[in-house]
Amino acid sequence: MGMAVPEKILTNADLEKMVETTDEWITTRTGIKERRIAAPGEATSDLATRAARQALEGAGVEPEQLDLIIVATVTPDMSFPATACIVQMELGADNAAVFDLSAGCSGFVYALDIAARTIESGAYERVLIIGADVLSKITDWSDRSTCVLFGDGAGAAVVGPVQNGKGLLAADLGAVGKSGHFLTLPAGGSRTPASVETVEGGQHYIHMHGNEVYKFAVRVMGETTKKALAKCGLTSKDIDVFIPHQANIRIIDAACRRLGIEDEKVFVNVHAYGNTSAASVPIALYEAYHEGLIHDSDIVALVGFGAGLTWASAILKWGR
Ligand code: UT7
């Protein structure tokens, strides 16, 4: 695995000078204390490539050995070519098929399930999956209801065959397309192409109904985790390490209460990075592992939710 975040740290104190907010409001409502913000000119593929290099090194895999690269993102460098193509070029992964995957903050877990299935089928042996987003570039920095929530980052993993009984045990992916309007970037696509009016109207920024996403998140995190556990004959009691999407500490707490997961099994780093969208789950997984919290044969549950509205959960038995 690998991760990358920009150098620049934006604290709640910094935000107090930009919009009408307080450290107290942000901390109590979200758990976030600071987030990383990409430099001008720093794009999703830059962070994705850094995270990918670290993952390849850790896995002992050369870029040319990769069969497939999936980049989960909602902030591609540009509409096309896919950001995965740019990452392929940067890595020199010339033998890899590539595509981007748009499932919001659930993207990395979506990519993991797809990667595992292509490996299981025998089609591919080594798949690089990356969750990377630079939401700061599509954030309205005058809108206090969204600008305090997000940060930039990337997380990557090399997925390959493992010993029998280990690896991805089960996953549950889904979406409620009819609720998609609760979290959108309205303009810049084929429905409403970019124009002076769309720019002046702030239509290239994140538009979100926070309360609706909140309710969806709390409900769906419990439901999808239970579904994925049931598929492999486990229950929430079997989870050793729980890695939830790092959007809001209150959402994480509420979901864990519903699932009956004890605090000490839950990994949280939302205070340090905010919501990094598709990068959130892999960064949390990376840090949990490197902090020594995940051991061989542990049952690790990943769960995400996001734009779509999508959800995704995965149950892993840790080990090579
Ligand atoms: O990855 C998926 C992405 N999305 C999410 O995860 C978002 C999920 N939703 C949430 O995390 C929460 O809904 C928020 C953190 C966005 C908002 O928390 P909330 O407890 O639902 O607050 P609210 O939207 O109900 O707003 C409460 C009050 C409002 O004032 P009034 O109308 O009660 O006077 C807001 O105007 O807080 C106000 N407010 C703020 N005050 C200070 C909203 N943002 C701020 C702010 N600072 N930054």
Side-chain angles (χ1 to χ4, degrees), residues 10-35 72-75 101-110 131-155 173-177 179-186 205-222 224 243-256 258 268-271 273-284 302-313:
L10 187 74
T11 65
N12 291 351
D14 296 328
L15 281 161
E16 284 177 348
K17 293 178 204 133
M18 295 162 63
V19 288
E20 203 184 322
T21 191
T22 59
D23 172 48
E24 200 264 334
W25 191 95
I26 302 171
T27 306
T28 53
R29 298 291 178 123
T30 72
I32 302 166
K33 297 300 277 185
E34 57 186 46
R35 65 289 287 147
T73 187
V74 292
T75 50
L101 186 161
S102 175
C105 311
S106 313
F108 182 83
V109 185
Y110 258 72
D133 269 309
V134 180
L135 291 187
S136 64
K137 310 274 181 175
I138 55 165
T139 295
D140 179 350
W141 289 100
S142 65
D143 173 12
R144 69 175 183 174
S145 71
T146 53
C147 77
V148 302
L149 303 174
F150 302 112
D152 302 332
L173 314 182
V176 197
S179 299
H181 59 284
F182 290 135
L183 180 50
T184 61
L185 191 146
Y205 293 133
I206 297 166
H207 287 239
M208 181 171 75
H209 295 263
N211 279 322
E212 296 295 338
V213 179
Y214 189 101
K215 283 186 274 178
F216 168 78
V218 170
R219 177 177 58 77
V220 85
M221 281 173 90
T224 182
I243 312 272
H245 170 39
Q246 308 286 315
N248 183 323
I249 191 67
R250 288 158 55 218
I251 295 176
I252 295 174
D253 285 347
C256 289
R258 286 183 177 212
V268 174
N269 63 5
V270 69
H271 51 279
Y273 303 115
N275 179 348
T276 57
S277 187
S280 149
V281 169
I283 288 177
L302 314 178
V303 58
F305 62 88
L309 297 177
T310 59
W311 72 79
S313 60

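Reckoned from all heavy atoms, side chains included, excluding hydrogens, waters and symmetry mates. First listed ligand is number 1; within each ligand, the first listed atom is number 1. Residue numbers run from 1 in the order of the sequence given. Not measured: the values here are computed from a predicted model.
With a 4.5 Å cut-off on side-chain heavy atoms, Trp311 and Val303 do not count as touching. Residues Ile26 and Lys33 have side chains not in contact (no heavy-atom distance under 4.5 Å, counting atoms from C-beta outward). Residues His181 and His207 form no side-chain contact, since every pair of their non-hydrogen atoms from C-beta on lies 4.5 Å or further apart. Here the side chains of Asp133 and Phe150 are not in contact, with every heavy-atom distance at 4.5 Å or above. Using a 4.5 Å heavy-atom threshold, the side chains of Leu309 and Glu212 count as separate. A heavy-atom distance below 4.5 Å is found between the side chains of Phe305 and Val213.
Counting protein heavy atoms under 4.0 angstrom from atom 29 (C) of ligand 1 gives zero. In this structure, atom 13 (O) of ligand 1 has protein heavy atoms in its sub-4.0 angstrom surroundings. For atom 42 (C) of ligand 1, a protein non-hydrogen atom is found at a distance below 4.0 Å. Protein heavy atoms are absent from the space less than 4.0 angstrom from atom 33 (O) of ligand 1.
With sequence neighbours left out, Val270 forms a side-chain contact (heavy atoms from CB on, under 4.5 Å) with Ile32, Gln246, Ile249, Val268. Partners of Lys137 under the side-chain contact (heavy atoms from CB on, under 4.5 Å) rule, at least two apart in sequence or in another chain, are Ala38, Val134.
With a 4.0 Å cut-off on non-hydrogen atoms, Thr30 touches ligand 1 through its side chain and not its backbone. At a heavy-atom distance under 4.0 Å, only side-chain atoms of Asn275, from C-beta outward, approach ligand 1. Contact annotation for Asn211 and ligand 1: heavy atoms of both the backbone and the side chain come within less than 4.0 Å of the ligand.
Atoms of ligand 1 lying under 4.0 Å from at least one heavy atom of Ala247, given by number and element, are 6 (O). Remark: ligand 1 atoms within the under-4.0 Å shell around heavy atoms of Val148 are 48 (N). If you number the atoms of ligand 1 from 1 as listed, the ones under 4.0 Å from a heavy atom of Cys105 come out as 1 (O), 2 (C). Of all atoms in ligand 1, numbered sequentially from 1 with element shown, those under 4.0 Å from a heavy atom of His245 are 1 (O).
Among protein heavy atoms, atom 20 (O) of ligand 1 sits closest to Arg29 NH1, 2.8 Å. Here the protein heavy atom with the shortest distance to atom 5 (C) of ligand 1 is Val213 CG1, 3.8 Å. Scanning the protein for heavy atoms near atom 44 (N) of ligand 1, the closest one is Trp25 CH2, 3.3 Å. Protein heavy atom closest to atom 38 (C) of ligand 1, with residue, atom name and distance, is Arg144 NH2, 3.7 Å. For atom 16 (C) of ligand 1, the nearest protein heavy atom (residue, atom name, distance) is Leu149 CD1, 3.8 Å. Protein heavy atom in closest approach to atom 9 (N) of ligand 1: Gly210 O, 3.0 Å. Looking at atom 11 (O) of ligand 1, its nearest protein heavy atom turns out to be Asn248 ND2, 2.8 Å. For atom 18 (O) of ligand 1, the nearest non-hydrogen atom of the protein is Arg250 NH1, 3.9 Å.
Contact annotation: Ser145 has at least one heavy atom less than 4.0 Å from an atom of ligand 1.
Side-chain atoms of Ser277 never come within 3.5 Å of backbone atoms of Ala279 as a donor-acceptor pair (strictly under, hydrogens ignored). Asp253 places no side-chain N or O within donor-acceptor distance of the main-chain N or O of Arg250, the cut-off being under 3.5 Å. Trp141 places a side-chain N or O within donor-acceptor distance of the main-chain N or O of Ser136, the cut-off being under 3.5 Å.
When the options Ile249, Thr28, Thr21 are ranked by their closest heavy atom to atom 47 (N) of ligand 1, first place goes to Thr21.
The side chain to side chain contact (heavy atoms under 4.5 Å, CB included) test with Val74 singles out one residue from Leu185, Leu101, Leu135, and that residue is Leu135.
Contact check on Arg35 versus Asp152 returns no salt bridge, with no Lys/Arg side-chain nitrogen under 4.0 Å from an Asp/Glu carboxylate oxygen.
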